[in-house]
Each structure stands twice: as structure tokens, then as C-alpha cells.
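The chains referred to below are lettered A, B, ... by the order of the sequence lines, with proteins before strands, and numbering in each begins at 1.
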Protein chains: 2
Amino acid sequence: MTDAKPLRADARRNRDALIAKARELFADGRFDLRFDDFAKLAGVGTGTLYRHFPTREALAEAVYREELAALCDRARELQATLPADEALESFLRGLVAHLHSHEGLARTLATLMATRSGALAEGAQALGEVITDLLTAAVTAGTIRADVGAGAVMMAVQGICAAYDHPTYQADADGVITLVLAGLRRPRADISHAPPA
Amino acid sequence: MTDAKPLRADARRNRDALIAKARELFADGRFDLRFDDFAKLAGVGTGTLYRHFPTREALAEAVYREELAALCDRARELQATLPADEALESFLRGLVAHLHSHEGLARTLATLMATRSGALAEGAQALGEVITDLLTAAVTAGTIRADVGAGAVMMAVQGICAAYDHPTYQADADGVITLVLAGLRRPRADISHAPPA
DNA sequence: TGACAAGTGGAGACTGTCTCCATATTTTGG
DNA sequence: CCAAAATATGGAGACAGTCTCCACTTGTCA
């Protein structure tokens, strides 16, 4: 599914140049560049750009694929080393912090999650799986409620991503995570008010 | 701010025709219609359309203004007749239910909330105020936590709106609201596990 | 090194947005 | 009731992006 074709040398070179230039421009806040001009900037023809990345989203996904993969890896790492609910909390908090300093990723995720096609949303799906796993583990451990699925958490994350440039982004995003986590925390009769470690 | 100019008769007629046709088309799922064709369908010239509604969002906002106002009125009504936290819950649940059967509104709100300009987001702002009021009242009543602001709730709502066409929309949206409400509920030492009345 | 496959690039077709202004309609005041 | 002034109309066409197409270049493989 990931790479079935051994791409010719020059093709790979162009592809990489495209991604590199895109990353650079995105980091600079230039998301809305004309697609044609963008090809020119990367030093390739329009056709080449379109052959490698049929849509703006495809390009964005390629740019952030590694970053997203790293995020997902971290999740699995946390899951392997912490109690389930702490892993979940740590991951979500970290995700939001990361998004705050990587606007491009937030923007891209918002788009990918909203993308109806589904086909190109591979990146978003990976995130979904990771969150599902974290939640499942915590449910199994009995530390969070079982009646709210990962879809709900993803929806909240989508809201966070979509709001990437609100003036009070950071505080609000943290607030959402706080609510989600507190909401998930299973109300146990035997706990009165002790804050989680 | 709302209406400073007493619009000529034919102008008002055209404006209304535009809104009526837009409502009809939106209700039918035709959001993405070519703007020019759309003018033709409403029986006015392109220029007229652009004069009345400079952007797609402006049109969408006009179409849903009443609907949104009704929603806000309901909030105030609830606030006047129910305990603060119940009013909040009732409003949010109702909002999500309404969004579920009015995709166009969800889509529009998602756009308005994401709109950076802010100027045209009047509709979204009204919703924000209503939610702020509901939250403030509940905080004052001491039934919800005070350390998470309305912005966070709005962000969650934005996520719900943005996901209007996900396959599992309803369940996930309900889940988000459940989490938000549970997360807001102030943990009180004197309550063990009694569900709210 | 030749021949075939793979990839390129950029001109230009196409699609939708939006402006402009000569013309038409409404309002106003005498 | 009738100008004149103010207001609004509409649609042709300028414009800005997107994306395709294919004659040509480059890489690969035996």
C-alpha cells in the first residue's frame, strides 16, 4: 500500500525536491501558494508536480507524514512504558503542544480529517488508530469509561486542529483536552476527590 | 450594525429571492454550486449576487441567520427556566441533535468558526456568547469547574460541526458532548456517584 | 551501447470568480 | 404627475488558478 513502485532516480530526486521545498514554504506560513508557481519554486514543471501530488492535500500529507509517524511512534512508546490512562493523557497533551508550535501540521490534519475521500486521509487514520489503541488499553485497565469511543476524541482533536489560528488557541486547546480527559475518567465511588498522580 | 440602510424595493426583492433559493439549494445538499450559475438559478445577474453577498460565507450566514437566532433564543429560554447546568446540557444536546438533521447549518458554522476574518463570523459569535453565558451561570452556581473557558467548549463544538458528514457522526458528536459535560462537572467530595437529576 | 521504459515540462485549454459600467428601476420633491 | 437624483441591475469579459497533454529528455537494463 505504501510503495509498490521503485521510482526512477530522477523521479525520486524531483519528488524529494518538491517535498523539501513544500516543507520550507509551509514552515514559513505559505500554504496558499499558487500550485504552478510552487512547482516553479521547487524547480520542476507543473506536470511533474501534478504527477507526484495530484492535490494540495497529497503534498501536505507527504510533507507531514514523517512528523505524524513520529507522533504515532511516541504514542506506542508511551503506551509501553506508562499506565494506560497516563499514556493517553501524556499523548494528548503532547499532541496539542506539538500542534501549537507546528501550525502547518494542525492545518493539514484539520484538512485530512475533514476530507471526505478518505483515500488520502491515511495520515489522519494512523492518528485515529493510535488514539483508539490508547483508549482501548485504558478501558481495559478500567481507568476510563467504555461508553465513549475514539471517534469522539478524534472529533475533539479535529476541533483543536481546525482552530489552529484562534487568538486563544493554546488555552482553549488545553481546555478541550482537560475536559476530554476529565470526562473520560471513570467516576469511581471509592475515589472522593484525589487528583490523579 | 445590523441594518443601517433602508434598501430599495427591488433590491430587497432580489436579496430575498437569493436567500430563498440558497436555502432551497443548501437543503438539497448543493453547497458547492458555481456562484454564477447560482445567481442564474435565483433569477438575478452575477453582479447583483455579488453586491448582496460578497462571499459564499456571507450568503450562508444570511441563510442560517434566523435558524441560528432561534437556537440562541432557545438557550436563553432554557437558562431562564432550568438550573444552570441542566440548561447547559440541554442546550448542547439540542444543538447537536439539530446539527445532525441540518447538515447545512453544521457546515456553515464550521466555516464561520474557522473564518479568520472574524468580521463575517457574526453568527458564530452569537453562539459563542450564548455558550459563554450558560457556562458563566453554571460556574456561578458552582456546578461546573471554573478553570476551563467557553473557548474550549466552542472548540469542541467546532470539531462537531466540522465532522458533519462522518459516517458515525451522531454517536461521536454525542460522545464529545458527553465528555465535555462530564469534564465540566465539578468533582464534589460530598457526591459519590449519584447521577444528576 | 542501443532500445525501451519512465519521467519531464510548460503551453494552453478550461473552469470558476469577480469587476465594471451602460442601462433600468425606484424614490423623491416640487 | 413628472422630472431629476439616487439606487440597483445584469451579464460580457478580464482575470486567476488548476490541470492536461504530448513531443521530448533522461534513466535503466541487457
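Of the residues in residues 44-51 of chain B, those placing a heavy atom less than 4.0 Å from an atom of DNA chain D are B:Val44, B:Gly45, B:Thr46, B:Gly47, B:Thr48, B:Arg51, in numerical order. Contacts with DNA chain C (heavy atom under 4.0 Å) in residues 9-43 of chain A: A:Asp10, A:Ala11, A:Asn14, listed by number.
An OP1 or OP2 oxygen of D:dA8 is reached within less than 4.0 angstrom by no side-chain nitrogen or oxygen of B:His52.
Checked against the 6.0 Å centroid threshold, A:Phe26 and A:Phe31 count as a close aromatic pair.
Checked for salt-bridge contact, A:Asp32 and A:Arg30 meet the test: a charged N lies under 4.0 Å from a carboxylate O. Salt-bridge annotation for B:Arg23 and B:Glu67: absent, with no side-chain N of the basic residue lying under 4.0 Å from a carboxylate O of the acidic one.
Remark: A:Gln125 CD to A:Leu68 CG distance equals 11.5 Å, nearest 0.5 Å. Here B:Leu179 contributes atom CG and B:Leu184 contributes atom CG; the two are 11.0 Å apart, rounded to the nearest 0.5 Å. Here A:Leu99 contributes atom CG and A:Gln170 contributes atom CD; the two are 11.0 Å apart, rounded to the nearest 0.5 Å. Note that CG of B:Leu41 is 8.5 Å distant from CD of B:Glu24, once rounded to the nearest 0.5 Å.
Between A:Arg51 and A:Thr46, the side chains place no donor N or O within less than 3.5 Å of an acceptor N or O (distance only, hydrogens not considered). Between the side chains of A:Thr108 and A:Arg56, no donor N or O sits under 3.5 Å from an acceptor N or O.
Looking only at distances, a side-chain donor or acceptor of A:Thr143 sits under 3.5 Å from a matching main-chain atom of A:Ala138.
Note that the first and last nucleotides of DNA chain C, 5' to 3', having any atom under 4.0 angstrom from a heavy atom of chain B are C:dG16 to C:dT27.
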